[in-house]
Number of protein chains: 2
Amino acid sequence: MTGLTRTNSCPPPMDDGGAVREVLDRISDKWSLLVVGALREGPLRFGALEKTITGISQRMLTLTLKHLVEDGLISRTAYAEVPPRVEYELTDLGKTLMPLVIALAEWALEHRDEINANRRR
Amino acid sequence: MTGLTRTNSCPPPMDDGGAVREVLDRISDKWSLLVVGALREGPLRFGALEKTITGISQRMLTLTLKHLVEDGLISRTAYAEVPPRVEYELTDLGKTLMPLVIALAEWALEHRDEINANRRR
DNA sequence: CAGCATCCGGCTTGATACTG
DNA sequence: CAGTATCAAGCCGGATGCTG
């Protein structure tokens with residue numbers, strides 16, 4: 001916890017048990033990255049997210065959204081209209097994560113055949 | 001599940017329920033990325049990994065290692081010695097993932113204060 | 001040292017019902 | 001439409017103990 005075993009060298013990319021873990025735990029759950037990725041092109045409504053992220057339950061979407069809003073990665077805007085409308089959008093902080101999500105997605109696409117082939121054995 | 005509810009719009013870089021999900025599910029579990037990151041500087045023994053990745057249980061390390069080997073991200077080499085020695089090492093495929101892990105770690109370090117501040121409210 | 005077997009608590013999920 | 005509340009079920013991960 002006090003963590004950050006001072007690795008003397010120049011800023012090491014990744015110290016095992018410290019700050020990285022702290023944040024990584026938060027974004028590497030099953031849905032967070034998917035939600036962030038879904039918002040890459042702009043704000044989306046609750047229902048739209050539900051349709052975009054195939055397989056997520058209403059409950060998990062609600063919870064994940066809440067966590068991401070708490071972390072400040074996305075913002076929630078409720079419009080006081082007759083059919084209630086709520087939009088979720090990436091914050092500036094959230095946007096800084098986008099390149100990584102994209103990169104991850106591209107990596108996934110690029111190597112999934114290889115991975116699947118490996119798994120098949 | 002039948003999934004892929006034809007989103008009328010044009011094919012986005014990251015299709016929600018498809019290949020990305022498939023791979024993302026595999027690497028976005030609690031430990032995989034940590035294990036990959038731990039191997040960034042070269043092969044490590046089981047025990048070394050256990051010490052490096054603070055907090056991981058033996059069971060989860062075993063399982064995670066097994067999965068990563070199956071996926072072909074790391075290789076396992078057992079030396080037939082008196083005290084058994086087993087080393088794990090990134091494969092070429094695994095190495096392609098490293099830059100992303102590094103980037104993720106750097107992002108985490110860079111933004112964790114902000115995230116923690118947000119959460120505090 | 002490496003890693004498998006077992007028990008168990010918590011999170012994830014799906015379904016359902018209800019509110020603003 | 002956009003959630004919240006609740007319950008039952010399943011899977012995952014954690015701790016402990018045992019084996020090759």
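Reminder, nothing fancy here: chain letters follow the sequence lines and each chain counts from 1. The shown structure was predicted, so the numbers you read here are calculated from the model rather than taken from an experiment.
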With a non-hydrogen cut-off below 4.0 angstrom, is [X] in contact with a base, only sugar-phosphate, or nothing?
X	value
A:Tyr79	nothing
A:Glu81	nothing
B:Pro84	base

Specify the separation, in whole Å, of atom [atom1] of [X] and atom [atom2] of [N].
X	N	atom1	atom2	value
B:Lys30	C:dG9	NZ	P	17 Å
B:Leu63	C:dT6	CG	P	14 Å
A:Met60	C:dG14	CE	P	9 Å
B:Leu61	D:dC12	CG	C1'	16 Å
B:Leu44	C:dC1	CG	P	15 Å
B:Arg85	D:dG20	CZ	P	23 Å
B:Asp29	D:dG14	CG	P	10 Å
B:Arg26	D:dC12	CZ	C1'	15 Å

Between A:Glu70 and B:Arg119, does any NZ, NE, NH1 or NH2 come within less than 4.0 Å of an OD or OE carboxylate oxygen?
yes
Salt bridge A:Lys30-B:Asp25, side-chain N to carboxylate O under 4.0 Å:
no
Please report the interatomic distance CD(A:Glu89) to CZ(A:Arg45), rounded to the nearest 0.5 Å.
14.5 Å
Between [X] and [N], does any side-chain N or O lie under 4.0 Å from OP1 or OP2?
X	N	value
B:Tyr88	C:dC1	no
A:Trp31	C:dT12	no
A:Ser57	C:dG14	yes
A:Arg59	D:dA5	no
A:Arg45	D:dA2	yes

Of the listed D:dA15, D:dT4, C:dC4, the closest approach to the B:Lys66 side chain comes from C:dC4
base_contact_polar (C:dG14 base, A:Gln58 side chain, donor-acceptor, <3.5 Å):
no
Side chains of B:Leu109 and B:Trp107: closer than 4.5 Å at any heavy-atom pair?
no
Look only at the side chain of A:Ser75 and the backbone of A:Thr91, and say whether a donor-acceptor pair between them is shorter than 3.5 Å.
no
